[in-house]
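Data first, discussion second: the structure below is written as structure tokens.
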Amino acid sequence: MSAFTSGKKKNTKPCVMYLLRRGDPTMFETFWRGPIGESATLVIPGYQTMSYFSDVGNLCWFLEPGFEREVRRLHSLVGNAAVEGYHVLVGTGSSQLFQAALYALALPIADAPVSVVSTTPFYSMYPPLTDFLNSGLYRWAGDANAFDGNDYIEVICSPNNPDGSIREAVLKSKSGKDIHDLAYYWPQYTPITHMLAHDIMLFTVSKCTGHAGTRIGWALVKDKEVAQKMSKFMEQSTIGVSKDAQLRAAKVLGAVTDGYEHQLAAAAGGDANLLFHYARRKMAHRWCALRAAVAASGIFSLPNEVAGFCTFTKDTVTSNPAFAWLRCEKQEVEDLESFLRENKIITRSGTKFGADQKVVRISMVDTDEAFGIFVNRLATIK
């Protein structure tokens with residue numbers, strides 16, 4: 001009998017340690033429970049959002065004008081990506097936009113599927129997302145550094161998931177194409193060093209504000225023909241994107257921008273109601289705690305801290321990646337994922353990211369409860 005039909009109440013909350021292997025950004029809940037959360041509350045009347053269409057004059061006809069407006073406002077505020085001269089596309093998360101970009105960039109008349117590559121360690125979902133449909137247009141080809149050829153689609157995730165490093169394209173062929181996954185290029189994770197202006201840039205509400213369940217991502221696309229093809233992919237696969245979800249996302253992004261533009265927090269606790277400042281402090285505290293736990297254990301290592309001048313906050317800050325790329329230096333430990341599981345810490349093996357078994361990825365954006373248990377357990381492992 002399911003939990004929905006049983007008369008007994010069942011605990012449907014996943015094990016807190018299990019969540020660390022994923023990227024569920026529940027850390028942000030405490031921020032949105034505060035005073036600023038009220039400004040992100042949305043009521044949708046029963047008659048609203050009934051049509052398939054949002055803006056028939058837009059090449060992305062299912063894009064809500066209000067959502068596009070808030071996307072442009074937020075990027076203009078943060079200064080992390082250019083919006084002038086770009087087409088805004090909306091997708092059901094950035095995963096759909098990633099697949100749409102592959103479809104748009106692949107040549108339908110090619111003799112063989114175009115190779116899709118990314119530098120190791122790469123995001124673990126790139127291979128299955130690329131090959132899931134067994135498309136004749138493109139195929140996963142692994143590490144960009146090992147690729148030999150002129151025709152390719154290179155995916156650049158920066159800051160990189162899983163290790164937080166800042167990435168640039170490594171392949172330079174004139175016939176090659178790039179997709180820049182910028183899900184983590186926000187001030188809580190890394191210094192905003194300059195405004196990016198790549199041909200295709202992908203973002204997601206999930207890692208920006210923490211609203212993963214809203215399932216909204218967006219792309220900034222320079223070329224009109226590529227934007228039209230990406231829009232066509234989403235039209236064919238899902239007949240657009242939920243308008244209700246777009247309105248929710250627009251409300252949330254608007255609350256973030258308004259908080260800075262109007263300094264709503266000035267009379268209510270300093271900058272505690274400013275999302276990026278709040279999240280950056282929280283991430284910095286967590287990374288400090290994790291590095292202390294690693295030092296106490298003595299058998300693990302982490303990537304070195306990287307600092308830079310942030311044009312958004314106007315100061316020098318360290319990077320606080322959304323994931324920890326943890327390596328074990330103990331010689332007899334060959335499979336770190338299994339070793340940590342024995343110590344009741346569930347992670348994702350480096351093999352999922354094209355790396356070796358002595359490294360794992362751990363989420364830094366889960367609840368305070370899960371993170372606290374994690375660092376306490378890690379510190380005791382010898």
Side-chain angles (χ1 to χ4, degrees), residues 23-25 27-28 31 71 74-83 94 98 118-124 126 155-170 178-198 200-212 217-220 253 256-257 259-260 271 274-291 294 301-326 353 361-366 371:
D24 203 19
M27 176 194 80
F28 291 86
F31 174 81
V71 163
L74 185 63
H75 283 300
S76 296
L77 170 75
V78 176
N80 59 344
V83 291
S94 59
F98 171 71
S118 187
T119 302
T120 302
F122 43 72
Y123 176 38
S124 59
Y126 288 154
V155 189
I156 304 99
C157 184
S158 185
N160 188 44
N161 176 358
D163 64 353
S165 61
I166 299 301
R167 293 282 185 84
E168 294 181 356
V170 299
D178 296 336
I179 299 172
H180 288 261
D181 183 350
L182 305 178
Y184 304 95
Y185 193 49
W186 297 102
Q188 64 265 45
Y189 305 119
T190 187
I192 304 301
T193 55
H194 56 286
M195 181 181 290
L196 300 179
H198 301 296
I200 300 177
M201 299 182 284
L202 307 183
F203 296 89
T204 172
V205 171
S206 171
K207 300 308 185 293
C208 176
T209 70
H211 292 81
W218 68 93
L220 301 177
L253 297 186
V256 173
T257 305
Y260 281 94
D271 62 4
L274 302 180
L275 175 67
F276 299 123
H277 285 70
Y278 168 90
R280 189 182 70 171
R281 282 199 312 274
K282 190 122 180 157
M283 292 298 296
H285 175 77
R286 289 188 172 195
W287 270 98
C288 182
L290 176 58
R291 292 190 184 279
V294 166
S301 64
L302 292 163
N304 294 328
E305 282 188 324
V306 177
F309 183 79
C310 181
T311 58
F312 175 68
T313 59
K314 303 297 189 294
D315 61 353
T316 299
V317 298
T318 58
S319 294
N320 302 300
F323 297 100
W325 193 232
L326 185 73
F353 305 89
R361 191 197 74 170
I362 302 171
S363 173
M364 295 290 288
V365 293
D366 210 280
F371 184 78

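- Glu305 is linked by a salt bridge (Lys or Arg N to Asp or Glu O under 4.0 Å) to Arg291, counting only residues two or more places apart in sequence or in another chain.
- For the side chain to side chain contact (heavy atoms under 4.5 Å, CB included) with Tyr184, the qualifying choice from Ser319, Pro159, Pro321 is Pro159, the only one to do so.
- In this view, Arg280 and Asp315 satisfy the salt bridge (Lys or Arg N to Asp or Glu O under 4.0 Å) rule, not counting sequence neighbours.
- The aromatic rings of Phe276 and Phe312 sit perpendicular, their planes meeting at an angle over 60°, well past the 30° parallel limit.
- In terms of modelled atom types and a separation under 3.5 Å, the side chain of Asn160 and the main chain of Arg167 share no donor-acceptor contact.
- A donor-acceptor pair is defined here as one N or O able to donate and one able to accept, closer than 3.5 Å; no such pair exists between the side chain of Trp218 and the backbone of Val205.
- Tyr189 places a side-chain N or O within donor-acceptor distance of the main-chain N or O of Lys207, the cut-off being under 3.5 Å.
- Side chain of Thr204 to backbone of Ala183: no donor-acceptor contact under 3.5 angstrom is found.
- A cation-pi geometry, defined here as NZ or CZ lying under 6.0 Å from the six-membered ring centre and within 45° of its normal, does not hold between Arg361 and Phe353.
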### Message
Is there a side-chain contact (heavy atoms from CB on, under 4.5 Å) between His277 and Tyr260? Walk through the geometry before answering.
### Response
CA-CA 10 Å; His277 285 70; Tyr260 281 94; 2.8 Å; yes
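- Proximity of the aromatic rings of Phe31 and Phe28 is defined here by a centroid distance below 6.0 angstrom, and this criterion is not met.
- Judged by distance alone, with hydrogens and angles left aside, the side-chain atoms of Thr311 form no donor-acceptor pair with the main-chain N or O of His194 at under 3.5 Å.
- Although no hydrogens or angles enter the test, the distance criterion places no donor-acceptor pair under 3.5 Å between the side chain of Asp163 and the main chain of Trp325.
- Every residue was checked against the side chain to side chain donor-acceptor pair (under 3.5 Å) condition with Ser206, not counting sequence neighbours, and none meets it.
- His180 and His198 have parallel rings, their planes meeting at less than 30° on a 0 to 90° scale where 60° marks the start of perpendicular.
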